[in-house]
Amino acid sequence: MQTTPKNYFKFFATLILCLLVRMIPFRAPNIEPIMAGTMPIGRAYGAFFGFSFAVLSILLYDLLTHTIGMQTIFTAGAYGLIGLFSAIYFKNRKGNTMDYIRFAILGTLFFDALTGLTIGPIFFHQSFVQSLVGQIPFTALHLLGNVTLAVLLSPGIYNFLIRKRKRESMSAINTLNPKII
């Protein structure tokens, strides 16, 4: 894992972009870039920022869509744990595409099991079997979306987070070898 200074602008830009994608009308509710953003943020900035990104992604969306409720606590908490775990998972890994795929699968299964099998029975009086049967197609689509977005977005988000501005890079090169420019 690379030690990266925290760039709050990049953190919030990623958060806002994730939120805007989630606000697209008629989008399947389980095709969303939260996992794809949480993984590189946890990898680049650590557990606190991975946790914060995941929790804020859920909380801000629920606030903006006026859907805040008890389920917000469960979903934000589950994604927060995923954000914490992302920093641990990527600590000793290269962060290649297969690492993102593996984490997206594990994180999605954890999230869907924790939220899908608890919220329905606890708050909507569903039987466990009803929740389990309904969760299967939801989780299949959620896995497809998270794995696809992990492949397409996560490496790019990570590079965006760790990339320094060109001027800063050129200054560093000039101090090492002033004859270059």
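All heavy atoms count here, side chains included; hydrogens, waters and symmetry mates do not.
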- Message: Show, in sequence, the C-alpha distance, side-chain angles and deciding distance for F110 and F85, and conclude whether the side chain to side chain contact (heavy atoms under 4.5 Å, CB included) test is met.
- Response: CA-CA 11 Å; F110 170 79; F85 186 59; over 6 Å; no

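- Taking both residues in full, the closest heavy atoms of Y100 and M39 are given as O-SD, 3.5 Å, listed atom of the first, atom of the second, then distance.
- Hydrophobic clustering (ILVMFWY, side-chain heavy atoms < 4.5 Å, transitive): V21 and I34 are in distinct clusters.
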- Message: Between Y79 and F53, does the ring pair (Phe, Tyr, Trp, His ring centres under 6.0 Å) criterion hold? Intermediate values first, please.
- Response: CA-CA 9 Å; Y79 256 120; F53 177 84; 9.2 Å; no

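- A heavy-atom distance below 4.5 Å is found between the side chains of T65 and M23.
- In terms of heavy atoms, R22 sits closest to R27 at O-NH2, 2.8 Å.
- Cluster membership for L117 and I136, using ILVMFWY side-chain heavy atoms within less than 4.5 angstrom, is not shared.
- Using a 4.5 Å heavy-atom cutoff, the side chains of K10 and R163 are in contact.
- Residues M35 and L149 have side chains not in contact (no heavy-atom distance under 4.5 Å, counting atoms from C-beta outward).
- Tracing side-chain contacts under 4.5 Å through hydrophobic residues (I, L, V, M, F, W, Y), one never reaches L143 starting from I31; they form parts of separate clusters.
- Annotation for I157 and G37: closest pair CD1-CA, 4.0 Å, computed over non-hydrogen atoms.
- Remark: the backbone N or O of F49 is not paired with any side-chain donor or acceptor of S52 at under 3.5 angstrom.
- More than 12 heavy atoms of other residues, nucleotides or ligands sit less than 6.0 Å from atom CZ of F138.
- With contacts defined as side-chain heavy-atom distances shorter than 4.5 Å, the pair F111/T75 qualifies.
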- Message: Assess the residue pair L60 and L15 against the criterion (side chain to side chain contact (heavy atoms under 4.5 Å, CB included)); give the C-alpha distance rounded to whole Å, side-chain angles, the decisive distance to 0.1 Å, and a yes or no.
- Response: CA-CA 10 Å; L60 291 174; L15 181 65; 3.9 Å; yes

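- Annotation: the span from I58 atom CD1 to I73 atom CD1 amounts to 13.0 Å, rounded to 0.5 Å.
- When side chains are defined from C-beta on, L64 does not count as touching Y61, because their heavy atoms never get closer than 4.5 Å.
- Put simply, the side chain of F124 reaches to within 4.5 Å of the side chain of I119, judged on heavy atoms.
- With contacts defined as side-chain heavy-atom distances shorter than 4.5 Å, the pair L59/I68 qualifies.
- Taking CD1 of I82 as the reference point, atom CZ of F51 lies at 12.0 Å (rounded to 0.5 Å).
- Here R102 contributes atom CZ and T97 contributes atom OG1; the two are 10.5 Å apart, rounded to the nearest 0.5 Å.
- For S131 against Q126, the heavy-atom pair with the smallest separation is OG-OE1, 2.9 Å.
- The minimum heavy-atom distance between C18 and S57, with the atom names listed, is SG-OG, 4.1 Å.
- I162 has its side chain within reach of Y158: a pair of non-hydrogen atoms, C-beta onward, lies under 4.5 Å apart.
- Under a hydrophobic clustering in which Ile, Leu, Val, Met, Phe, Trp and Tyr are joined whenever their side-chain heavy atoms come within less than 4.5 Å, directly or via other members, L19 and Y8 fall into the same cluster.
- Contact detail for L153 and P33: the closest heavy-atom pair is CD1-CB, 4.3 Å.
- The CG atom of L109 sits 12.5 Å away from the CG atom of L114 when rounded to the nearest 0.5 Å.
- Side chains of Q135 and T139: a donor on one and an acceptor on the other come within 3.5 Å.
- No cation-pi contact links R43 to Y45, judged by a cut-off of 6.0 Å to the six-membered ring centre and 45° from its axis.
- Atom CG in L161 sits 5.5 Å away from atom CD1 in I41 (nearest 0.5 Å).
- Here the side chain of S154 pairs a donor or acceptor atom with the backbone of A36 at under 3.5 angstrom.
- Annotation: the span from N146 atom CG to L106 atom CG amounts to 12.0 Å, rounded to 0.5 Å.
- Under the 4.5 Å side-chain heavy-atom criterion for ILVMFWY residues, a single connected hydrophobic cluster contains both I88 and F90.
- The backbone N or O of I105 sits nowhere less than 3.5 Å from a side-chain atom of T108 that would complete a donor-acceptor pair.
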